[in-house]
2 protein chains.
Amino acid sequence: MKTSSPRTGRKQHATIREVAEMAGVSQMTVSRVLNRRESVKESTREKVEEAIQALNYRPNLLARSLAGGKSLFIGLIFNNPSNNYLGELLVGTLNRCREAGHHLVIEDFSTTARDKEIDALIERISGAGLDGVIVAPPISEDEAILSKLRQAGLKTVLIAPREPPANGVSVSIDDVAAADRITQYLIDHGHKRIAFVIGATDQSSSRRRYRGFDLAMARNGLSVDDNLVQQGDYTYRSGMLAGEHFFSLPDPPTAVFASNDDMAAGVLAAAQRHGLKVPDNVSIVGFDDTAIASAMWPQLTTVRQPIAEMGYQAVNLLARILSESEAKASERNLVLDVALVERDTVRRR
Amino acid sequence: MKTSSPRTGRKQHATIREVAEMAGVSQMTVSRVLNRRESVKESTREKVEEAIQALNYRPNLLARSLAGGKSLFIGLIFNNPSNNYLGELLVGTLNRCREAGHHLVIEDFSTTARDKEIDALIERISGAGLDGVIVAPPISEDEAILSKLRQAGLKTVLIAPREPPANGVSVSIDDVAAADRITQYLIDHGHKRIAFVIGATDQSSSRRRYRGFDLAMARNGLSVDDNLVQQGDYTYRSGMLAGEHFFSLPDPPTAVFASNDDMAAGVLAAAQRHGLKVPDNVSIVGFDDTAIASAMWPQLTTVRQPIAEMGYQAVNLLARILSESEAKASERNLVLDVALVERDTVRRR
DNA sequence: AGCCTCCGTGATAGCGTTATCATTGCCCGG
DNA sequence: CCGGGCAATGATAACGCTATCACGGAGGCT
């Protein structure tokens with residue numbers, strides 16, 4: 001009754017024991033074939049693999065984790081469930097967890113309250129017996145929370161942190177290179193008078209993206225007109241204001257690079273209000289490739305982060321530092337490359 | 001060496017056996033206390049609970065699932081990792097899975113190719129030994145995929161399907177009621193000339209939202225001017241076009257209800273181009289509360305689906321139909337209520 | 001030739017729970 | 001006053017896998 005229980009749903013799975021019987025070997029040999037690391041004679045391996053095929057056997061992850069004792073419980077801390085990032089991040093993270101037999105426990109930190117609430121949350125997660133945690137943006141920029149996490153002695157991997165942590169582990173993109181690249185893209189399309197909208201002053205990515213822009217301009221011997229650089233704060237509204245400024249100039253830019261998509265959308269709105277056609281009269285590019293980039297019209301040419309990949313790598317990194325000896329304080333900051341998403345807001349001129 | 005293995009990360013957890021020893025009872029009694037269903041004397045229960053506290057014991061989910069044999073492997077099928085929904089949906093789904101000890105396996109269907117590819121994917125997931133699958137939008141509207149899933153004999157729960165499946169299981173919202181509600185909200189704010197932008201004709205939600213609008217107008221004795229209803233297709237562009245039409249009218253509406261946020265953003269752009277201030281001159285509402293709703297400026301008043309809750313309930317539903325006898329073909333379509341998100345695009349008049 | 005090694009494999013003992021059935025008291029009615 | 005029945009608890013066997021160690025046999029070395 002137990003084994004042939006009323007589990008209507010799942011076809012009863014073959015176990016390693018049945019495979020072993022069919023192949024005429026011991027369970028251990030099957031296990032070795034599955035984990036393909038110990039020595040197994042080629043002929044034996046083949047027999048076992050045939051049996052696996054025949055029975056459509058799949059190892060039971062639960063049992064494997066239980067017995068192996070090397071599966072990790074990983075926490076993923078985020079603070080905004082409707083974050084654009086989150087879905088993709090979870091996809092990458094979950095995929096790697098499944099592969100490696102780890103378990104993901106998600107922790108919602110989206111509480112506006114501070115300190116006390118945070119303490120309680122941290123207590124909860126450190127009491128939950130997690131092996132380590134992955135910290136998603138924007139919490140990965142929150143020094144208050146990060147330091148408490150450190151205090152609690154939790155091993156962490158930061159996703160897209162403000163700065164690569166001094167003595168920590170993180171996965172991020174190269175903002176400078178990415179901004180450089182999309183600026184070069186504009187230049188390659190014949191643009192010379194390129195305006196730039198800086199992001200929020202309190203986020204380090206703003207500076208890095210600006211630097212990338214500057215670098216590309218300088219490399220191409222293009223001057224950056226002070227009038228064509230506006231301070232924004234990563235909101236649609238600030239982009240709109242910057243656009244108003246640019247398009248009121250006697251000699252307006254032929255292209256605008258806004259440091260994120262929301263601001264690019266604002267610039268687009270300003271352009272349209274000034275009767276300018278995009279991309280015919282002015283080209284616009286953004287950064288991040290959030291949902292708004294493909295919702296607007298024309299759709300935005302922008303730069304996209306490999307979020308899923310970042311989640312995937314974060315799990316790897318966490319597993320690695322967890323298995324290292326405490327002694328060698330591991331410092332690893334992985335930097336991934338971005339992709340240029342060519343849509344409809346840039347025109348050759 | 002085995003138990004005190006080099007698992008630097010996790011503090012060695014107390015096991016049920018240690019709790020049992022400390023409390024002076026058998027493991028089984030502790031298990032009973034934990035699962036609080038069988039009879040345990042009050043005094044015993046207290047002793048056990050003290051021991052649990054003292055040792056900071058947490059049951060090992062893996063072992064529990066293995067032994068209990070009732071943990072499910074649930075697939076979640078989606079086709080767009082950067083979907084706005086997905087993050088939230090995963091959060092709700094994962095939370096319920098964790099509670100119930102189930103395991104989530106995500107399946108990315110985002111391939112543009114058809115038929116062959118789809119067959120391969122379906123083969124893969126039906127071969128993976130999943131107990132059932134949850135189908136996220138927009139795949140939950142894709143008849144081709146749904147019928148193949150049915151053919152493969154997989155138990156499914158649909159999230160926000162086109163129509164509640166005839167003989168199936170789904171979780172959705174009441175589009176009619178939600179549209180009615182936000183229309184009433186506009187009316188309550190003194191609006192009488194209210195325009196409406198219909199969604200894509202090939203999605204049934206369009207019709208339902210229109211019906212809700214109609215209902216509310218009729219109930220309040222308000223006529224619906226033909227000129228104030230425009231056909232859109234759920235894109236920003238179609239919203240912009242509809243807005244152009246409305247605001248060129250000799251007697252323009254005082255409020256516009258667009259059937260989704262992207263179109264509302266388009267209406268907003270049109271209003272701004274016509275020199276109309278939102279919400280001072282015209283109010284706008286959307287539907288869905290996607291990222292764009294809070295990215296635009298002013299931020300959009302809209303209606304939001306309880307996505308996380310839908311994921312949570314989907315897991316419940318799936319577990320339920322899986323435990324039912326095959327005989328009683330279960331038909332369950334859960335309808336959740338929505339929330340009105342009041343932001344800055346509606347003004348009392 | 002004898003011994004040591006190493007390769008390929010198997011037997012057995014867990015991993016931390018829950019299921020099942022047995023066992024102990026204890027209360028109650030005949 | 002004793003057996004039946006029930007409430008409370010325990011002992012033991014799974015669950016499906018991996019870790020560990022043991023063992024036979026084929027070389028290689030002295």
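Quick note: numbers below take in every heavy atom, side chains included, and nothing from hydrogens, waters or symmetry partners. Residue numbering restarts at 1 for every chain, and letters A, B, ... go by the order of the sequence lines.
- Phosphate contact (OP1/OP2 of C:dA19, side-chain N/O of B:K70, threshold under 4.0 Å): present.
- Both A:V30 and B:A67 lie near DNA chain D, and the one whose nearest nucleotide falls closer to the 5' end is B:A67.
- Atom pair A:N60:CG and C:dT17:C1' shows a separation of 14 Å (rounding to whole Å applied).
- We find that A:K148 and A:D119 are joined by a salt bridge, their nearest charged nitrogen and carboxylate oxygen being less than 4.0 Å apart.
- In this entry the distance linking CD of A:E42 with C1' of C:dT9 reads 16 Å, nearest Å.
- Look at A:S31 and you'll find a side-chain N or O under 4.0 angstrom from OP1 or OP2 of D:dT18.
- For the ring pair (Phe, Tyr, Trp, His ring centres under 6.0 Å) test, no residue two or more places apart in sequence or in another chain qualifies with B:H102.
- Taking atom CG of A:L61 as the reference point, atom P of D:dT18 lies 10 Å away to the nearest angstrom.
- Of the candidates C:dA19, D:dT20, D:dG16, the closest approach to any side-chain atom of A:A63 belongs to D:dG16.
- Distance check, rounded to the nearest 0.5 Å: CZ of A:R64 to OG of A:S71 gives 11.5 Å.
- Following rounding to the nearest Å, A:M28 (CE) and D:dG16 (P) show an atom-to-atom distance of 17 Å.
- Applying the salt bridge (Lys or Arg N to Asp or Glu O under 4.0 Å) rule to pairs touching residues 45-59 of chain B yields B:E42-B:R45, sequence neighbours excluded.
- Going from atom CZ of B:R64 over to atom C1' of D:dG16 covers 19 Å, rounded to whole Å.
- Between A:H103 and B:H103, the angle of the ring planes goes over 60°, which puts this pair in the perpendicular group of the 30/60° scheme.
- Put simply, CD1 on A:I16 is 17 Å from P on C:dT12, counting in whole angstrom units.
- The local environment of CD in A:E99 is crowded, with over 12 non-hydrogen atoms from other residues, nucleotides or ligands closer than 6.0 Å.
- The CG-P distance, from B:L66 to C:dT17, rounds to 12 Å in whole Å.
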Tabulate atom names and distances for all N/O pairs under 3.5 angstrom spanning the protein and nucleotides 4-9 of chain D.
residue, atom, partner, partner atom, Å
D:dA8, OP2, B:S39, OG, 3.3
D:dT9, OP1, B:T44, OG1, 2.4
D:dT9, OP2, B:K41, N, 2.8

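- As rounded to whole Å, 13 Å separates atom C1' of C:dG14 from atom CD of A:Q27.
- Within 6.0 Å of the CZ atom in A:R17, the count of heavy atoms belonging to other residues, nucleotides or ligands does not exceed 12.
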